[in-house]
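Working notes, structure below.
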Amino acid sequence: MGKPVGGEHNIWREWTEKYARRIKKIRENPNPKLARSNIILYEMMYNQARRELDAWESGSKVPVMYCNENSPVRLYMSLGFRTYHIEMFADRLTREQARRYFDLARGHGFPENACDRVQLTAGVGISGHLPPPSICATVPGDCDTMAQALLYVGRFWKVPTFAIDIPFEVNIEAVLYVKEQLEQIVDFCQQTFPDYIRYDEARLTELQKLYEETWKLESEIFELSATKPCPVSGRDALRMPPIQLYDDPMMVDYFRSFRDELKERAEQGKSVLKDGVERFRVYWMCSAPFYEDPFSFLEERGCAVPCYEEGPGAPSRYAVRDYEDAERRFGRALRHPLEEEAGVLVTCHWGNVAERRIQEVLRNSQRLGIEGIVHFMQPGCLPCNNMAKVLGERAEKELGIKNIYIEGWCQDMEKHDEAEFEAKLADWLNLCLAEKEAKQKSQ
Ligand code: SF4
């Protein structure tokens with residue numbers, strides 16, 4: 001018998017075990033604070049891990065695309081790639097896996113003070129514990145260090161790399177400029193992998209329709225989060241839509257089921273807050289410690305976390321096949337599927353100029369009745385840390401929103417001090433509540 005694929009560690013195999021355990025746990029002993037629909041999410045993740053493990057073990061020759069950031073995953077999937085969003089994979093690592101890939105990345109000279117996600121993208125990418133890439137494609141423009149991590153992975157494996165150039169401007173010229181680059185990628189991939197990769201517009205349109213449906217549900221989820229007391233838990237609000245699963249039709253079931261649950265909770269006045277009383281509500285920025293639960297800590301104190309900046313329905317990116325929205329943003333409807341993908345890329349959440357993100361956060365804050373913003377300051381995060389103060393000052397000045405700037409690590413639990421982190425949150429919350437009470441009394 002030959003050496004098992006992945007050697008000693010095979011991430012897909014480890015994930016089949018992890019998700020099987022998680023599904024079993026939710027079935028047998030569900031956490032009443034978390035959405036029941038999460039089981040669909042874990043089933044999708046389990047299915048993907050099983051499928052990819054089988055493909056790897058059976059020696060599949062279908063090319064693997066490593067991508068990250070705001071990549072046009074629907075396009076890559078429709079071309080026929082096995083599409084691995086390595087950045088999202090880095091977020092799914094178990095504690096043991098995270099330790100392993102930190103060590104690997106740092107052993108290759110990656111600085112410890114780059115953001116955790118960047119280090120882990122590099123570590124997972126070069127590990128060989130996933131099928132190696134046939135090509136790597138990134139999208140600088142929102143997070144350049146993340147883009148560099150994937151380009152490094154491409155150089156490590158000596159495979160072709162692409163970086164899509166995204167202009168700052170949001171207009172039709174920007175869309176067409178990006179569309180042209182997508183066409184170049186398509187041409188290159190068809191020529192490089194002629195037996196497996198071909199442009200399939202019908203499939204791309206099918207995936208876009210799936211996303212259109214998903215996005216509408218996400219938007220409803222966002223609107224339901226405005227209900228007081230808050231029906232959604234912070235842990236569920238923090239779940240970024242799993243873009244690595246955009247070709248799975250179960251995605252629509254997942255969001256529909258999540259929406260229905262929230263609707264039911266909102267109608268019944270149910271919430272995850274202590275005694276069902278909401279005293280304060282916050283918007284969560286950047287990232288969070290994945291290995292602990294600061295949300296329950298806040299919820300126990302009456303503080304709701306209905307929204308994470310990349311959570312369901314929160315980003316104001318163009319969401320495909322919305323002709324009126326395209327007219328408003330770009331001056332005309334986008335009629336070609338590649339234009340649609342380009343439209344999504346040029347309106348990415350962390351990209352463009354700072355003012356666009358500020359306006360998005362202010363608008364969402366008004367819609368949800370936000371009173372405070374938690375800026376999770378992850379060392380090495382240029383997009384969030386550089387802008388946090390500017391964003392916080394605008395939110396305070398224009399909407400009276402209170403801000404906390406709190407250092408933390410999303411995956412490196414050895415650097416994180418849970419007691420200190422929670423003490424800072426508690427002190428800040430107490431101050432906010434005291435100020436709110438004083439203001440109410442004076443009115
Ligand atoms: S947390 Fe910041 S530095 Fe890290 S990947 Fe996200 S945007 Fe980039």
Side-chain angles (χ1 to χ4, degrees), residues 66-71 73 84-93 97-98 101-102 105-106 110-126 136-154 163-164 166 168 237-244 283-292 294 307-311 314-317 344-354 356-358 360-361 373-392 404-413 415-416 421:
Y66 278 15
C67 62
N68 62 352
E69 309 211 50
N70 188 32
S71 282
V73 285
Y84 290 8
H85 198 286
I86 301 294
E87 176 180 351
M88 296 295 273
F89 286 6
D91 286 346
R92 289 162 60 178
L93 298 173
Q97 288 174 328
Y101 300 116
F102 273 132
R106 290 168 190 170
F110 251 77
E112 249 190 70
N113 54 4
C115 129
D116 288 1
R117 304 179 76 224
V118 167
Q119 292 178 63
L120 291 174
T121 294
V124 168
I126 65 173
C136 292
T138 187
V139 190
D142 55 341
C143 175
D144 288 350
T145 41
M146 180 52 90
Q148 289 301 332
L150 198 76
L151 293 175
Y152 167 74
V153 171
I164 304 173
I166 307 291
F168 281 129
L238 194 85
R239 285 180 214 284
M240 279 173 79
I243 56 183
Q244 73 278 11
Y283 204 137
W284 196 282
M285 295 292 160
C286 185
S287 191
F290 299 154
Y291 40 82
E292 69 168 69
C307 179
Y308 162 60
E309 65 174 322
E310 271 272 17
S316 64
R317 73 170 73 90
V344 178
L345 297 195
V346 302
T347 55
C348 130
H349 171 68
W350 275 296
N352 307 120
V353 293
R356 197 202 50 76
R357 179 167 169 239
I358 290 171
E360 174 186 305
V361 172
I373 298 181
V374 178
H375 301 268
F376 184 80
M377 308 287 279
Q378 181 148 254
C381 177
L382 301 181
C384 299
N385 294 0
N386 283 354
M387 247 188 81
K389 206 81 175 96
V390 179
L391 177 62
I404 178 170
Y405 306 90
I406 186 164
E407 188 177 58
W409 290 263
C410 69
Q411 294 274 49
D412 196 347
M413 56 188 297
K415 289 185 183 157
H416 189 81
F421 190 80

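We count ligands from 1, going down the list as the structure has it; atoms in each ligand are counted the same way. Only this structure's heavy atoms are used, side chains among them; waters, hydrogens and symmetry mates stay out. What you are looking at is a predicted structure, and each value in this text was computed from that prediction instead of being measured.
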- Check: Val361 main-chain N/O paired with Glu309 side-chain donor or acceptor under 3.5 Å: no
- Going by the salt bridge (charged side-chain N to carboxylate O under 4.0 Å, His left out) test, name the single residue among Arg357, Arg317, Arg239 that passes it with Glu310. Arg317
- Does ligand 1 have an atom that lies less than 4.0 angstrom from a heavy atom of Ser287? no
- Message: Distance under 4.0 Å to a non-hydrogen atom of Gln378: what atoms of ligand 1 satisfy this?
- Response: 1 (S)
- What are the atoms of ligand 1, with element, lying closer than 4.0 Å to any heavy atom of Cys381? 1 (S), 2 (Fe), 3 (S), 7 (S)
- Query: Among protein heavy atoms, which lies nearest atom 6 (Fe) of ligand 1, and at what distance?
  - Reply: Arg117 NH1, 3.2 Å
- Item | Atom indices of ligand 1, in the order listed, that fall short of 4.0 Å to a heavy atom of Cys143 | 3 (S), 5 (S), 7 (S), 8 (Fe)
- Query: Hey, what do you get for OH (Tyr405) to CE (Met285), rounding to the nearest 0.5 Å?
  - Reply: 10.5 Å
- Note on the structure: Note: ligand 1 atoms sitting under 4.0 Å from heavy atoms of Pro383 are 7 (S)
- Below 4.0 angstrom from a heavy atom of Met146, which ligand 1 atoms are there? Numbered from 1 as shown, please. 5 (S)
- Note on the structure: Only residue of Cys286, Cys115, Ser287 satisfying side-chain contact (heavy atoms from CB on, under 4.5 Å) with Cys384 is Cys286
- Item | Tyr84 and Phe89 aromatic ring geometry - parallel, tilted or perpendicular at 30°/60° bounds | tilted
- Note: ligand 1 atoms sitting under 4.0 Å from heavy atoms of Cys115 are 1 (S), 3 (S), 4 (Fe), 5 (S)
- Message: Quiz question: by atom type and distance under 3.5 Å, do the side chains of Gln411 and Arg117 form a donor-acceptor pair?
- Response: no
